[in-house]
There are 2 protein chains.
Amino acid sequence: MKIEDEIKQPTFKDNHQKALINLVFTTGWVQQQQSALFKGYGLTLPQFNILRILRGQHPKPATVNLLIERMLDKTSNASRIVDKLEVKKLVTRTVCPSNRRAVDIRITETGLELLHQLDAELENRRNGLQHLTDEEAAQLSNLLDKIRD
Amino acid sequence: MKIEDEIKQPTFKDNHQKALINLVFTTGWVQQQQSALFKGYGLTLPQFNILRILRGQHPKPATVNLLIERMLDKTSNASRIVDKLEVKKLVTRTVCPSNRRAVDIRITETGLELLHQLDAELENRRNGLQHLTDEEAAQLSNLLDKIRD
DNA sequence: TGCAAATATATGTACATACATTTAATGTGC
DNA sequence: GCACATTAAATGTATGTACATATATTTGCA
């Protein structure tokens with residue numbers, strides 16, 4: 001559906017305004033698709049993202065600082081998201097022996113298994129971008145990089 | 001900066017995964033730019049979006065349902081965002097005379113003046129997409145429409 | 001050595017999101 | 001006309017975001 005119809009706004013001031021609104025709307029749309037998938041597994045989207053970073057480090061631990069550095073949203077509160085994951089036994093948290101200010105966070109076997117299940121589902125949907133060709137996906141990335149120039 | 005460097009991830013599984021991550025990251029980036037602008041005026045981004053919808057209706061009133069229908073994020077809680085705007089005297093809320101279940105929400109003169117100030121700032125920045133040409137903005141919109149096909 | 005600055009994380013608060021439930025008003029079928 | 005479903009909005013609760021502040025540890029240097 002065209003963005004004009006999605007938000008019931010027949011015209012836009014210019015292509016820039018239209019692109020911005022489309023960007024925000026479409027990103028929300030994709031994230032909602034993903035959230036719906038995660039919900040069946042008792043995970044929220046930020047919790048999933050943290051788990052994925054931890055898997056990237058595995059079997060090495062990550063600190064909260066490393067999580068923040070790699071998170072898509074730098075200003076969110078990694079501490080509290082890790083709290084939730086710890087309650088669900090998907091991660092462990094231990095004081096870092098070499099620097100007692102820091103905390104070593106590790107994904108558990110349960111966490112790894114959960115991610116493994118989700119991988120297959122995400123792969124099927126091409127990460128929610130199944131309507132784009134490979135070339136279009138690359139083109140989209142280039143335009144997005146340009147926005148942040 | 002390329003997305004690989006932004007989130008310190010040297011490679012992606014494929015162009016689809018890269019595009020998704022870039023989409024989420026860039027949208028967050030643009031919204032943060034905008035939030036910073038609104039902050040100087042005591043507004044949050046969702047509050048601004050509601051005000052803009054109300055201006056579109058002005059001088060007719062809007063109901064909460066209409067706001068939800070037009071909001072970019074359909075699942076957010078329009079009632080409580082209107083609460084905040086009412087406290088700031090940027091909107092008024094009166095029971096709808098023809099349907100006493102509904103509430104007529106209107107932007108005030110103060111609200112209109114505030115939006116007018118913000119218009120100029122947003123125009124200067126081409127809504128945060130100042131690095132895109134007109135053609136690129138249109139191209140981006142087309143790719144985004146395709147994602148939601 | 002001692003002590004201020006820097007670092008790593010946690011906590012507090014206001015706002016927003018996501019979703020379920022509640023309250024009030026309206027509409028509909030019998 | 002009245003029970004019952006539907007509709008519009010508000011409220012409750014858990015989670016997350018944004019930003020300021022607090023606590024504990026480590027570092028650096030006078």
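Here is how names work: the chains are called A, B, and so on, in the same order as the sequence lines, proteins then strands, and each is numbered from 1.
Put simply, CG on A/Asn49 is 15 Å from C1' on D/dT15, counting in whole angstrom units. In this structure, B/Arg100 atom CZ and D/dA10 atom P are separated by 15 Å, rounded to whole Å. Per the geometry, NZ belonging to B/Lys84 stands 12 Å off P belonging to D/dT11, to the nearest Å. If you measure from atom CG of B/Asp83 to atom P of D/dA10, you get 7 Å, rounded to the nearest angstrom. Rounded to whole Å, atom C1' of D/dT15 lies 12 Å from atom CG of A/Asn77.
Counting any heavy atom pair closer than 4.0 Å across all strands shown, B/Ser76 reaches sugar-phosphate atoms only and no base atom. Backbone-only contact: B/Ile81 has heavy atoms under 4.0 Å from sugar-phosphate atoms and none from a base. At the heavy-atom level, B/Thr63 lies under 4.0 Å from the strands shown only through sugar-phosphate atoms.
Of the two residues near DNA chain D, A/Ser98 and A/Gln47, the one whose nearest nucleotide lies more 5' is A/Gln47. In terms of position on DNA chain C, the residue among B/Pro46 and A/Arg93 whose nearest nucleotide sits closer to the 5' end is A/Arg93. Of the two residues contacting DNA chain D, namely B/Gln32 and B/Arg80, the nearest-nucleotide position lying further toward the 5' end is that of B/Arg80.
Checked for salt-bridge contact, B/Asp83 and B/Arg93 meet the test: a charged N lies under 4.0 Å from a carboxylate O. With respect to A/Asp149 and B/Lys2, no salt bridge is recorded, no charged nitrogen being found less than 4.0 Å from a carboxylate O.
In A/Lys89, the NZ atom is not crowded: 12 or fewer heavy atoms of neighbouring residues, nucleotides or ligands sit closer than 6.0 Å.
A 4.5 Å side-chain heavy-atom check between B/Arg126 and B/His131 finds every atom pair outside the cut-off. Using a 4.5 Å heavy-atom threshold, the side chains of B/Met71 and B/Asn49 count as separate.
Between D/dA22 and A/Arg101, no contact under 4.0 Å exists linking OP1 or OP2 to a side-chain N or O. For D/dA8, neither phosphate oxygen OP1 nor OP2 lies less than 4.0 angstrom from any side-chain nitrogen or oxygen of B/Asn99.
Between B/Leu37 and B/Glu121, the shortest heavy-atom distance links the atoms CD1-OE1, 3.3 Å.
Among the candidates A/Val24, A/Asn22, A/Ile21, the single residue satisfying the side chain to side chain contact (heavy atoms under 4.5 Å, CB included) test with A/Ile7 is A/Ile21.
If you walk DNA chain C from 5' to 3' and mark each nucleotide with an atom closer than 4.0 Å to a heavy atom of chain B, the marks span C/dC15 to C/dT26.
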